[in-house]
Visitor: 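Quick one: the structure is below, questions incoming.
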Amino acid sequence: MGLRRMCLKRRNLLHLATAVYILLVVYSLTNGNGRCRYEMQTIFADPMFTDYVEGGKCRVDISNLGLVDIDLYEEANITDVETANEHVAIGGKWKPHDCRSWQKVAILVPYRNRWQHLVLLLKRLHTLLQKQKITYQIFVIEQEGDEKFNRGRLLNIGVKESLKEDNFDCFIFHDVDLLPENDKNIYYCDNQARHLASAIDEMRYHVMYYNYAGGVIAVNHENIFRVNGYSNVYWGWGNEDDDFSARTIETGLLLTRPPQYIGRYKMVRHPKQWRADNGQDLFLTWRSRWRTDGLSSLDHTLYKVVSKEQKALFTQVTVDIGKPPPHPPIDARMPRESWIWCVFYQILKFCLKN
Ligand code: UDP
Ligand code: BGC
Ligand code: MN
């Protein structure tokens, strides 16, 4: 009854609806803010980090590290990068010889047909990781064929295949075209999901939205299995990183980020891809899928290793991941996030009719 009487005054109602709408927009924009935190690598808080002993855990004096000049238009060639990195072991492995690294890190790069980007990335990463005295190996996971690109599945394959080589503590999921500008951006995992690319030049050196987890993100061994890795079902551009972000937050992890002057990246310029048709729909239903779609479901039906090659500066794993199904699996259940909008819309419709 109360609602009916209120509905009679249409003008008041429109004011009310506008107010509610604005509140909902503000809520949507700020929702997730509390799940994200800008902070330095927590390893710096460990007393071992400062109390250095010979042969002990590596100490890096980050006050000597800083911004470097990145030239996106440099015509780097792989032979020069290899010559400059002759001390790197075959397969793109390296470890410090005078101390023990805090973590063993696998860098996983999803890849197809971006050779010039890869050369620039290898040049930059080998230098940065060695300055930071990190034990690492770089893996390039290449999708064979010309079906739509499936970044999430390639990254899951990276986790699984890298673990066949070594027991890595930390996985860093790294776009091929992002070049870190600051050597202070430490390539280790923390106990959360550490979003290293907190300031990309293309995004005006800001994250576009709080939950953004694309570009470069570091997750430790235990957590990546708790999160169940990436979804395997996003084909084409968009939303697989949003799905990943939702999983990490649902698992109870925060997104931690280096302060923006440290988490700076330059993106090599390239033509933009169109957003996939069904990415948004899939993302709306992430909740019903995440426990069963991910690392847990990544078996021989989802990929075949075509070749594994130890190159001088990286390990290349080329995979056949098949093609997208004709009708992608979209769960019809309404996601929790949509209820609030739906209820609001129904009330408004009811009121405007009366
Ligand atoms: N990628 C690739 N080849 C492709 C498409 C994507 O290697 O044809 C990889 C590459 O690592 C790239 C990442 O997927 O950085 C994300 O794709 P893209 O750079 O096109 O998206 P953006 O983040 O620039 O919107
Ligand atoms: C897409 C993400 C993408 C981001 C930044 C979002 O709309 O869903 O996949 O990383 O934009 O480009
Ligand atoms: Mn890009």
Side-chain angles (χ1 to χ4, degrees), residues 28-29 32 36 70 72-73 106-122 124-125 138-159 171-181 193 195-217 230-249 255 257 263-286 314-319 321 323-324 335 337:
S28 306
L29 289 175
C36 309
I70 303 283
L72 293 179
Y73 302 100
I107 310 280
L108 307 177
V109 183
Y111 178 84
R112 183 169 65 188
N113 197 20
R114 300 264 187 115
W115 178 245
Q116 202 50 39
H117 299 189
L118 182 59
V119 175
L120 287 176
L121 181 72
L122 292 168
R124 178 68 188 112
L125 278 190
I138 299 180
F139 294 85
V140 171
I141 321 298
E142 181 186 38
Q143 178 172 339
E144 198 195 48
D146 49 16
E147 290 295 343
K148 285 183 175 163
F149 197 71
N150 188 329
R151 180 173 175 270
R153 193 180 295 186
L154 293 175
L155 292 173
N156 283 342
I157 294 170
V159 172
F171 300 93
I172 302 192
F173 305 98
H174 208 302
D175 277 3
V176 73
D177 53 8
L178 286 176
L179 304 169
E181 291 183 45
H195 186 227
L196 297 175
S198 63
I200 299 176
D201 64 346
E202 278 222 339
M203 301 180 184
R204 294 182 301 108
Y205 290 114
H206 283 81
V207 282
M208 276 172 44
Y209 42 97
Y210 291 117
N211 299 348
Y212 175 62
V216 186
I217 187 161
Y230 280 78
S231 164
N232 294 301
V233 302
Y234 289 80
W235 295 85
W237 187 91
N239 295 107
E240 84 296 335
D241 49 353
D242 304 321
D243 184 298
F244 185 73
S245 167
R247 291 164 179 236
T248 54
I249 290 173
L255 280 174
R257 301 196 166 99
R264 289 170 70 94
Y265 282 78
K266 279 193 179 160
M267 190 191 283
V268 187
R269 306 293 179 243
H270 61 79
K272 286 286 152 195
Q273 306 178 62
W274 294 105
R275 183 184 283 283
D277 296 338
N278 63 341
Q280 305 278 24
D281 294 341
L282 278 171
F283 179 43
L284 280 173
T285 53
W286 71 272
F314 60 99
T315 298
Q316 179 165 349
V317 186
T318 304
V319 287
I321 58 171
K323 53 179 180 213
E337 288 77 359

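Read the numbers this way: they start at 1 and go in the same order the structure lists the ligands and their atoms. Any value given below was found using the heavy atoms of this structure, including those in side chains, with hydrogens, waters and symmetry copies removed.
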Visitor: Could you check which of Y234, W237, Y212 puts a non-hydrogen atom nearest to atom 12 (O) of ligand 2?
Guide: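 Checking each option, the heavy atom nearest atom 12 (O) of ligand 2 is found in W237.
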Visitor: Of all the non-hydrogen atoms in the protein, which one sits nearest to atom 3 (N) of ligand 1, and at what distance?
Guide: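 Checking every protein heavy atom, the shortest distance to atom 3 (N) of ligand 1 gives R112 O, 2.8 Å.
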Visitor: Check if H117 has a non-hydrogen atom at a distance under 4.0 Å from any atom of ligand 1.
Guide: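 It does not, in that no heavy atom of H117 comes within the 4.0 Å cut-off of ligand 1.
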Visitor: Please could you name the atoms of ligand 1 that K272 approaches to less than 4.0 Å, counting only its heavy atoms?
Guide: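 Once the distances to K272 are compared, the set is 22 (P), 24 (O), 25 (O).
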Visitor: May I ask you to check if ligand 2 and E240 share an N or O to N or O distance below 3.5 Å?
Guide: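 No, no N or O pair falls under 3.5 Å.
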Visitor: Would you mind running through ligand 1 and noting each atom that sits below 4.0 Å from a heavy atom of Y111?
Guide: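 The atoms of ligand 1 under 4.0 Å from a heavy atom of Y111 are 7 (O).
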Visitor: Does an N or O from V109, backbone or side chain, lie closer than 3.5 Å to an N or O of ligand 1?
Guide: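 N/O-N/O distance under 3.5 Å: no.
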Visitor: Go through the steps for T318 and E142 under the test side-chain hydrogen bond (donor to acceptor under 3.5 Å, both in side chains), then give the verdict.
Guide: CA-CA 5 Å; T318 304; E142 181 186 38; 2.9 Å; yes
Visitor: Could you tell me, atom by atom, which parts of ligand 2 come under 4.0 Å of a heavy atom of D241?
Guide: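 Result: 2 (C), 3 (C), 9 (O), 10 (O).
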Visitor: Assess whether atom CH2 of W274 is packed by more than 12 heavy atoms of other residues, nucleotides or ligands within 6.0 Å.
Guide: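 Count not over threshold, so no.
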Visitor: In the protein, which heavy atom is nearest to atom 17 (O) of ligand 1, and how far is it?
Guide: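 Ranked first by proximity to atom 17 (O) of ligand 1 is Q273 NE2, 3.8 Å.
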Visitor: Is Q280 close enough to touch ligand 2? Criterion: a residue heavy atom under 4.0 Å from a ligand atom.
Guide: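 Q280: no contact with ligand 2 (<4.0 Å).
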Visitor: Numbering the atoms of ligand 1 from 1, which are under 4.0 Å from a heavy atom of D177?
Guide: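 The list of qualifying atoms is 15 (O), 19 (O).
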Visitor: Can an N or O of H174 be found at a distance shorter than 3.5 Å from an N or O of ligand 1?
Guide: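 So ligand 1 has no N or O lying under 3.5 Å from an N or O of H174.
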Visitor: Tell me, please, if D175 has any N/O/S atom, main chain or side chain, under 2.8 Å from the Mn ion (ligand 3)?
Guide: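 No N, O or S atom of D175 is closer than 2.8 Å to the Mn ion (ligand 3), so no.
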Visitor: Which of the numbered atoms in ligand 1 are under 4.0 angstrom from any heavy atom belonging to M267?
Guide: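 Selected atoms, number and element: 23 (O), 24 (O).
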Visitor: Does NE2 belonging to H206 count more than 12 external heavy atoms closer than 6.0 Å?
Guide: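 Incorrect, the count does not exceed 12.
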Visitor: Looking only at protein heavy atoms, which one is nearest to atom 12 (C) of ligand 1, and how far off is it?
Guide: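 Its nearest protein heavy-atom neighbour is R114 NH1, 3.8 Å.
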Visitor: Please work out which of the three classes, parallel, tilted or perpendicular, describes the rings of H195 and Y212, given edges at 30° and 60°.
Guide: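 The arrangement is perpendicular - the two ring planes meet at more than 60°.
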Visitor: Which atoms of ligand 1 sit under 4.0 Å from any heavy atom of V176?
Guide: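 Checking each atom against V176, I get 10 (C), 11 (O), 15 (O).
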Visitor: Report the nearest protein non-hydrogen atom to atom 21 (O) of ligand 1: residue, atom name, distance rounded to 0.1 Å.
Guide: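 Protein heavy atom with the smallest distance to atom 21 (O) of ligand 1: W237 NE1, 3.1 Å.
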Visitor: What atoms of ligand 2 come within less than 4.0 Å of a heavy atom belonging to G238?
Guide: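 Every atom of ligand 2 under 4.0 Å from some heavy atom of G238: 9 (O).
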Visitor: Can a salt bridge be assigned to the pair D175 and R151 using a cut-off of 4.0 Å between side-chain N and carboxylate O?
Guide: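 Yes, this pair counts.
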Visitor: Would K323 and E147 pass as an ion pair if we require N to O under 4.0 Å?
Guide: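 The answer is no: the pair does not qualify as a salt bridge.
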Visitor: Considering non-hydrogen atoms of the protein only, which is the closest contact for atom 11 (O) of ligand 1, and what is the distance?
Guide: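 Nearest protein contact, heavy atoms only, for atom 11 (O) of ligand 1 is P110 O, 2.7 Å.
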Visitor: What do you get for the angle at the Mn ion (ligand 3) between NE2 on H270 and OD2 on D177, to the nearest 10 degrees?
Guide: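 Reported to 10°, the angle equals 90°.
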